[in-house]
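Predicted model only: the values in this text are computed from it and were never measured.
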Amino acid sequence: MSLYIGREASKLWKRACAEIATEIKLLLENWKYLLAGLIGQYIHGLAARGVHYLHRPGPILQDVGFYLLPELGQDRAYISETVFTFVFLSFVLWTFHPFIMKSKKIYTVLIWCRVLAILVACQVLRIITFYSTQLPGPNYHCREGSKLATLPRPESVFEVLLIIPRGVLYGCGDLIFSSHMIFSLVFVRSYQKYGMRRFIKQCAWLIVVIQSLLIIASRKHYTVDVIVAWYTVNLVVFFVEHKLPELPDRSGAGTLLPVSKEAWTKEENHKLLNGNSDTVDWRLRTPMNGKNLEVDGSTVHGDTVMNGV
């Protein structure tokens, strides 16, 4: 028994080491994109803090969701944050599963490059919207009479540039559209595309719907903030996915695949020249220019092949 455990542990260690070496190579090639994405997260946090200085508390706006969903109250407002934390941590852990799992479909560095690119695109739109119009916050600490509803005038530039976790939790003014929904929808959409468990995909979408309702019931956002997030994030994902090169599918290959479109094309051409690609793919991608060539031992005219005969 102990020999079997030791053998499995050794396999797991070798697998992790091989994965680390692969991911380090990818990190050295793509660190600029990751750094840009992280800087984008800081700028988004800085913008959310800046709009808090402009926020002015006022009467809560009329909202259909507030009428339909009972208010959870301050003592149960943590429920929506707990659900969001679960979604966030679950996705982060899933992106690192290639280090220990034998069945792996993604590269951790590449999936985070893609996720951060989509997050930054959504957050740029979010910054534009909540700076365009400042609505009175419906959250308890943003209402009239609360000391946290408006930040005092900063005494130094350092005070503005420093983002503390407490300020993130008790921000006001950054309403349209919900940042929690941005992260949750991007994470679920990413797992929907690159995950392999259908049941988990279905549960993930159900959890995001529940989180949407909890955000409104907790009075952290207006209903419009959640609705705008739903269609904006999905549209951004749709357009960004068409601009970014597709992630290499590693489920059927153990070697590192090319990342860029140019590298991908070179790899495909290399496969074609060495006879590693199937006949249909070869016919569609290789221009013949009317020349004769040999296919399966028979001489065929190039125009005939291009016409699919």
Is there a donor-acceptor pair closer than 3.5 Å between any side-chain N or O of [X] and the backbone N or O of [Y]?
{"X": "Thr129", "Y": "Arg126", "value": "yes"}
{"X": "Ser218", "Y": "Lys220", "value": "no"}
{"X": "Glu23", "Y": "Val109", "value": "yes"}
{"X": "Ser90", "Y": "Val87", "value": "no"}
{"X": "Tyr131", "Y": "Val51", "value": "yes"}
{"X": "His221", "Y": "Val226", "value": "no"}
{"X": "Asn139", "Y": "Cys142", "value": "no"}
{"X": "Arg189", "Y": "Leu185", "value": "no"}
{"X": "Lys201", "Y": "Met196", "value": "no"}
{"X": "His242", "Y": "Phe238", "value": "yes"}

Distance in Å, [X] [atom1] paired with [Y] [atom2], rounded so as to fall on 0.5 Å steps:
{"X": "Ile182", "Y": "Phe187", "atom1": "CD1", "atom2": "CZ", "result": "11.0 Å"}
{"X": "Glu19", "Y": "Thr108", "atom1": "CD", "atom2": "OG1", "result": "6.5 Å"}
{"X": "Ile39", "Y": "His44", "atom1": "CD1", "atom2": "NE2", "result": "16.0 Å"}
{"X": "Gln134", "Y": "Ile176", "atom1": "CD", "atom2": "CD1", "result": "10.5 Å"}
{"X": "Leu72", "Y": "Ile215", "atom1": "CG", "atom2": "CD1", "result": "11.5 Å"}
{"X": "His52", "Y": "Cys172", "atom1": "NE2", "atom2": "SG", "result": "4.0 Å"}

Contact check, side chains of [X] and [Y], non-hydrogen atoms, under 4.5 Å:
{"X": "Tyr33", "Y": "Leu116", "result": "no"}
{"X": "Asp174", "Y": "Arg49", "result": "no"}
{"X": "Leu110", "Y": "Ile106", "result": "no"}
{"X": "Glu241", "Y": "Lys193", "result": "yes"}
{"X": "Trp112", "Y": "Val115", "result": "yes"}
{"X": "Phe86", "Y": "Ile207", "result": "yes"}

Check your understanding: Which is it for Glu81 and His180 under the side chain to side chain donor-acceptor pair (under 3.5 Å) test, yes or no, and what are the steps along the way?
Key -> CA-CA 9 Å; Glu81 288 296 331; His180 284 57; 2.9 Å; yes
By side-chain contact (heavy atoms from CB on, under 4.5 Å) - contacts of [X] (at least two apart):
{"X": "Ile227", "result": "Thr223, Tyr231"}
{"X": "Ile210", "result": "Leu206, Leu214"}
{"X": "Ile100", "result": "Leu12"}

Are [X] and [Y] linked, directly or through other ILVMFWY residues, by side chains that come within less than 4.5 angstrom of each other?
{"X": "Trp31", "Y": "Val120", "answer": "no"}
{"X": "Trp230", "Y": "Ile128", "answer": "no"}
{"X": "Leu26", "Y": "Phe99", "answer": "yes"}
{"X": "Ile200", "Y": "Phe96", "answer": "yes"}
{"X": "Val209", "Y": "Val228", "answer": "yes"}

| Is there a side-chain contact (heavy atoms from CB on, under 4.5 Å) between Gln74 and His141 once you walk through the steps? | CA-CA 10 Å; Gln74 281 184 284; His141 63 271; over 6 Å; no
Between [X] and [Y], what is the shortest heavy-atom contact and its length?
{"X": "Ala149", "Y": "Arg143", "answer": "CB-O, 3.8 Å"}
{"X": "Phe177", "Y": "Asp225", "answer": "CB-O, 3.3 Å"}
{"X": "Leu61", "Y": "Tyr222", "answer": "N-OH, 3.3 Å"}
{"X": "Ala47", "Y": "Phe130", "answer": "O-CE1, 3.8 Å"}
{"X": "Pro138", "Y": "Leu175", "answer": "CD-CD2, 3.9 Å"}
{"X": "Pro70", "Y": "Ala217", "answer": "O-CB, 3.6 Å"}

Original post:
Picking from Trp205, Trp94, Phe199, what satisfies ring pair (Phe, Tyr, Trp, His ring centres under 6.0 Å) with Tyr191?
Top reply: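 For Tyr191, the ring pair (Phe, Tyr, Trp, His ring centres under 6.0 Å) check succeeds only for Trp94.
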Looking only at the aromatic ring of each residue, does the gap between the centers of Phe183 and Phe91 stay below 6.0 angstrom?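 No: the rings miss the under 6.0 Å criterion.
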Show your reasoning for whether side chain to side chain donor-acceptor pair (under 3.5 Å) applies to Arg114 and Tyr194.
CA-CA 12 Å; Arg114 205 174 194 87; Tyr194 301 109; 3.0 Å; yes
* **Within 6.0 Å of OH in Tyr53, more than 12 heavy atoms from elsewhere** =>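 Above 12, so yes.
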How about Tyr42: does its OH atom have over 12 heavy atoms from other parts shown lying under 6.0 Å from it?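 Counting other residues, nucleotides and ligands, OH of Tyr42 exceeds 12 neighbours.
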Is the Lys NZ or Arg CZ of Arg219 less than 6.0 Å from the centre of Tyr140's six-membered ring, within 45° of the axis?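 The answer is no, since Arg219 fails at least one limit relative to Tyr140.
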